[in-house]
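Worksheet: one structure, shown below.
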Amino acid sequence: MNFKWIRLLLMKNYKPKGRLSAKQYIDGILKGDRVLLSRAITIIESNLESDKILAKEIVQNILPNAGNSIRIGITGVPGVGKSTFIEAFGKYLITQGKRVAILSIDPSSQRSKGSILGDKTRMEELANLQEAYIRPSASGDTLGGVANKTGETMLLCEAAGYDVVLIETVGVGQSETAVHGMTDFFLLLMLSGAGDELQGIKKGIMEMADMVVINKADGDNIRMSEMARLQYQNALHIFPQSESGWSPVVSTASAIKNIGISNVWDEVLKFKHLVDENGYFEKNRNHQQIQWMYNNINEELKRLFYGSKNIADELKNLEADIVTSKISPVKAAQKIIEEFKKSI
């Protein structure tokens, strides 16, 4: 008797307490029910095998209703005021008749794996608006702080009728590459007056940016913000033009004073018009979908590898051999990979 298939069948039919059917979640999402949307996202983020099966069914069935939003990645140096900016930007978008979803990635502790998830507190006014939906998620152990299920969460929000999806990253680092790979427009927030502004330019991040906004341009900081804007604008000329055909722009803003916020949206609309006309928008979305598949393959292979008891036992033995200099780390890595190949 094949016990493996019996176990899988039981697992497929098993539904944890409080779980609804996939159809109930899907119907709720399509009606814009925020409670069911949140519960569905919880399933998406769950590591339970039964929830993974349910999550795949939900995502697969909402796909025809997803993909209609403008996806904007927002990042910036610590202290730049990302949450304040996003709240002001989100409130402005709502005045323009948009429904806005904010997916905010909070850093997880490498010790406890816990996360503060305080973005609803930091964006209290926006969180209370019916046209806004804020979902903080813990980064877990994924690349640079981007939650593993952000892509699926984004699709659910789009299916629920949100016109603009804002993805806030933890901060300037590796996570920007991941967020850039799932959004249409990439916004970089910077500060003036924190030393030499050009020292803040990291080539990889600047090349990804479609727009740079010097935030906190108010009071005594207005003149320095304008100087920083000119410096960044001049620096951007060094970089080759993006494949999208768009020339990145630099502007100043004050989220707390609500200055320059409408200009950011104007630039996003100009960008969208350009990439729709030249075909880059569809081309980029298609590329992102394919890359998303490969990312999921990599995650599943990683899960299978570290989820194997034989591999886990062997790794412990190799760790002991490494610290006693019986084997080099490179040789140990090769040995464990060979062991894994035998089990495939």
Side-chain angles (χ1 to χ4, degrees), residues 34 68-106 118-137 146 150 153-154 157-158 160-172 175-176 179-180 182-192 205 208-218 221-222 225 228-229 232 246 248-273 275:
R34 296 204 294 181
N68 298 316
S69 76
I70 297 179
R71 305 165 179 173
I72 303 174
I74 301 179
T75 191
V77 295
V80 77
K82 288 191 293 293
S83 295
T84 306
F85 175 87
I86 290 170
E87 181 168 48
F89 189 45
K91 287 163 66 178
Y92 173 76
L93 291 174
I94 288 171
T95 68
Q96 302 302 298
K98 304 297 181 185
R99 297 183 70 215
V100 186
I102 298 96
L103 309 182
S104 182
I105 315 301
D106 268 22
D119 288 277
K120 284 193 175 182
T121 303
R122 293 197 296 266
M123 306 179 200
E124 188 175 357
E125 288 185 23
L126 185 61
N128 289 328
L129 297 177
Q130 192 64 33
E131 300 88 350
Y133 177 77
I134 302 175
R135 178 72 183 200
S137 299
V146 178
T150 301
T153 300
M154 180 173 63
C157 290
E158 290 176 338
Y162 290 96
D163 308 294
V164 182
V165 178
L166 308 178
I167 303 180
E168 177 194 4
T169 71
V170 175
V172 177
S175 60
E176 277 59 42
V179 170
H180 182 264
M182 65 175 72
T183 54
D184 307 311
F185 190 89
F186 196 70
L187 179 63
L188 174 61
L189 299 179
M190 298 296 287
L191 288 171
S192 67
I205 296 170
M208 290 189 291
D210 296 300
M211 185 174 188
V212 178
V213 175
I214 313 299
N215 195 25
K216 301 186 179 181
D218 48 56
N221 207 33
I222 292 176
S225 296
R229 185 190 69 79
Y232 281 114
W246 172 259
V249 294
V250 185
S251 71
T252 60
S254 170
I256 200 166
K257 298 287 187 181
N258 208 29
I259 299 170
I261 303 300
S262 62
N263 179 58
V264 176
W265 181 239
D266 289 342
E267 294 297 335
V268 172
L269 293 178
K270 288 177 188 176
F271 171 87
K272 182 66 164 61
H273 178 73
V275 294

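Index from 1, following the sequence. Note: hydrogens, waters and symmetry copies are ignored here, and every other heavy atom, side chains too, is used.
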Which atom pairs, one a donor and one an acceptor, fall under 3.5 Å between side chains of residues 264-272 and the rest of the protein, sequence neighbours left out?
{"residue": "Lys272", "atom": "NZ", "partner": "Asp276", "partner atom": "OD1", "Å": "3.2"}
{"residue": "Lys272", "atom": "NZ", "partner": "Asp276", "partner atom": "OD2", "Å": "2.7"}

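- For the atom pair CD (Glu124) and CD1 (Ile134), the distance works out to 10.0 Å, reported to the nearest 0.5 Å.
- Legend: residues meeting salt bridge (Lys or Arg N to Asp or Glu O under 4.0 Å) with Asp163, ordered by chain and number and at least two apart, are absent.
- Between the CG atom in Leu189 and the CE atom in Met211 there is a gap of 9.5 Å [rounded to 0.5 Å].
- Taking every heavy atom of both residues into account, Ile214 and Leu191 meet most closely at CG2-C, 4.2 Å.
- Contact between Leu188 and Ala209 at its shortest, heavy atoms only, is CB-CB, 4.1 Å.
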Cut-off 3.5 Å, no hydrogens considered: what does the side-chain donor-acceptor table look like for residues 90-103, sequence neighbours left out?
{"residue": "Lys91", "atom": "NZ", "partner": "Glu125", "partner atom": "OE1", "Å": "2.5"}
{"residue": "Thr95", "atom": "OG1", "partner": "Tyr92", "partner atom": "O", "Å": "2.4"}
{"residue": "Arg99", "atom": "NH1", "partner": "Ala160", "partner atom": "O", "Å": "2.9"}
{"residue": "Arg99", "atom": "NH1", "partner": "Gly161", "partner atom": "O", "Å": "3.4"}
{"residue": "Arg99", "atom": "NH2", "partner": "Tyr162", "partner atom": "OH", "Å": "3.3"}

All N/O donor-acceptor pairs, side-chain side in residues 251-261, below 3.5 Å, sequence neighbours left out:
{"residue": "Ser254", "atom": "OG", "partner": "Asp218", "partner atom": "OD2", "Å": "2.5"}
{"residue": "Ser254", "atom": "OG", "partner": "Lys257", "partner atom": "N", "Å": "3.2"}

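- The backbone N or O of Lys216 lies less than 3.5 Å from a partner atom in the side chain of Asn221, making a donor-acceptor pair.
- Here Glu131 pairs with nothing under the side-chain hydrogen bond (donor to acceptor under 3.5 Å, both in side chains) rule; sequence neighbours left out.
- Atom CZ of Arg71 sits about 15.5 Å away from atom CZ of Phe186, to the nearest 0.5 Å.
- Atom SG in Cys157 sits 11.0 Å away from atom CZ in Arg34 (nearest 0.5 Å).
- Interatomic distance, OG1 of Thr75 versus CE of Met190, reported as 10.0 Å (0.5 Å rounding).
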Side chain to side chain contact (heavy atoms under 4.5 Å, CB included) between Ile72 and Thr183: does it pass, once the steps are laid out?
-> CA-CA 5 Å; Ile72 303 174; Thr183 54; 5.9 Å; no
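- To the nearest 0.5 Å, atoms CZ (Phe185) and CD1 (Ile74) are separated by 9.5 Å.
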